[in-house]
Number of protein chains: 2
Amino acid sequence: MEQLRETLKGHHLRTTTCREDVLSTFINRKNALSHGDLEGALGENYDRVTIYRTLKTFLEKGIIHKVLDDEGLRYALCSHQCSEEKHHHDHIHFKCNACGKTNCLENLRIPNVALPSGYVPESFNLLIQGTCPECLAN
Amino acid sequence: MEQLRETLKGHHLRTTTCREDVLSTFINRKNALSHGDLEGALGENYDRVTIYRTLKTFLEKGIIHKVLDDEGLRYALCSHQCSEEKHHHDHIHFKCNACGKTNCLENLRIPNVALPSGYVPESFNLLIQGTCPECLAN
DNA sequence: GTATTATCTGCAACGATGTTGCAGAATATT
DNA sequence: AATATTCTGCAACATCGTTGCAGATAATAC
Ligand SMILES: [Mn+2]
Ligand SMILES: [Mn+2]
Ligand SMILES: [Zn+2]
Ligand SMILES: [Zn+2]
């Protein structure tokens, strides 16, 4: 509760109930969320547009980052000290084809790739699809 | 020209002008194309819906494959022998933030990753963003 | 606590994107 | 040339995402 306010303040954002609810939804569900997911969870309380704008704001402030998925765009919490200036997202994302959830594998870094000369890499996005441990057990 | 008909026949597709034009657009431009790109190039000749269906058909027949991008979904030619049954797409995609083009780096394979136990990988998608050789020169 | 200012939210309207059903057109086959 | 198959265009619709603006709310100053 108070934790949420701290996070928002720390990123120079006013604390509003919508922002608190969006943020806590990200924290409670562990996986990456689309706008549609959030609308499903909070749509009765807040307007679609407000949720879009909240995502945009969180993205700009470095609270969440984009996750590319074969179904479209999702968002996940930035775990480390991402700020408005600098982001650290060289970790792997895993999507389970059984349960449909996409997760950050925060401690798995994307391996280096030797690009042909002339290519200057700046950011990386690796999505691995397959079966997650939970679904494998069932 | 005749090449196009061969490719279509080889995938058991009727040769229509729309399919020929979509296919040749992929061949002429080297980079990955979105539906919007194709609509911009061919939209005066063909209906939006027909272009959507052509993409879907090409995808199913293994003529093109999906390319994930921070802007959304694009498509690129399958260079090797992708068929309806089996696809080979463990290569890297590169998006240039300067010119906005996304390309297949067909001969760069995605490196292996040691996943935590319980995760069963099936497919991989690595997008590297940065500056391409052409834009670096300018 | 109240007034002021800056920011956020809801609503409406709109544009872009993608899907489906169906009748007529085009293609491949005989 | 006749037939069977499948492709295309149109219309209608659903989903997704953006923008402008007026009223509500939060932070700040008094
Ligand atoms: Mn992540
Ligand atoms: Mn490719
Ligand atoms: Zn799963
Ligand atoms: Zn470039």
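Worth knowing before you read on, the calculation uses all heavy atoms, side chains too, and leaves out hydrogens, waters and symmetry mates. Labels below follow one simple rule: chain letters A, B, ... track the order of the sequence lines, proteins then strands, and each chain is numbered from 1.
One interatomic measurement links the two molecules: CZ of B:Arg19 to C1' of D:dG9, which rounds to 15 Å at whole-angstrom precision. The interatomic distance linking A:Glu20 (CD) with C:dT9 (C1') rounds to 15 Å, in whole Å. D:dG9 atom P lies 11 Å from atom CG of B:Asp21, rounded to whole Å. Rounded to a whole Å, the OH atom of A:Tyr75 is 11 Å from the C1' atom of D:dC16. In this structure, A:His11 atom NE2 and C:dT7 atom P are separated by 18 Å, rounded to whole Å. Across the protein-nucleic acid pair, A:Ile51 atom CD1 and D:dG17 atom C1' stand 13 Å apart, rounded to whole Å. Summarising the geometry, the separation between NE2 on B:His12 and P on D:dC7 is reported as 13 Å, rounded to the nearest angstrom. Rounded to a whole Å, the CG atom of B:Leu38 is 16 Å from the C1' atom of C:dA16.
Within the model, atoms SG of B:Cys18 and CG of B:Leu23 stand 11.0 Å from one another, a figure rounded to the nearest 0.5 Å. In this structure, B:Thr25 OG1 and B:Leu42 CG are separated by 4.0 Å, a value rounded to the nearest 0.5 Å.
Ion pairing between A:Asp70 and B:Lys66 fails under the 4.0 Å rule for side-chain N and carboxylate O. Ion pair B:Glu134/B:Lys101 not flagged as a salt bridge, since none of the NZ, NE, NH1 or NH2 atoms sits closer than 4.0 Å to an Asp/Glu carboxylate oxygen.
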Where along nucleotides 25-30 of chain D does protein come under 4.0 Å, by heavy atom, of base (B) or sugar-phosphate alone (S), with - for untouched nucleotides? -BS---

Contact letters for nucleotides 17-24 of chain C, in which S counts primed atoms plus P, OP1 and OP2 and B counts the base, heavy atoms under 4.0 Å: BBBBB---

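Under the 6.0 Å cut-off for aromatic ring centres, A:Phe94 and B:Tyr119 qualify, their centroids lying closer than that.
The number of heavy atoms from other shown groups lying within 6.0 Å of CG (A:Asn112) does not exceed 12.
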Could you walk me through whether B:Thr15 and B:Leu4 satisfy the side chain to side chain contact (heavy atoms under 4.5 Å, CB included) test, starting with their C-alpha distance in whole Å, then the side-chain angles of each, then the deciding distance to 0.1 Å, before giving a yes or no? CA-CA 8 Å; B:Thr15 59; B:Leu4 299 176; over 6 Å; no

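Pairing each heavy atom of A:Lys30 with each of A:Asn103, the nearest pair is O-ND2, 3.7 Å.
Both A:Leu13 and A:Tyr75 are assigned to one and the same hydrophobic cluster, defined by single-linkage of ILVMFWY side chains at heavy-atom distances under 4.5 Å.
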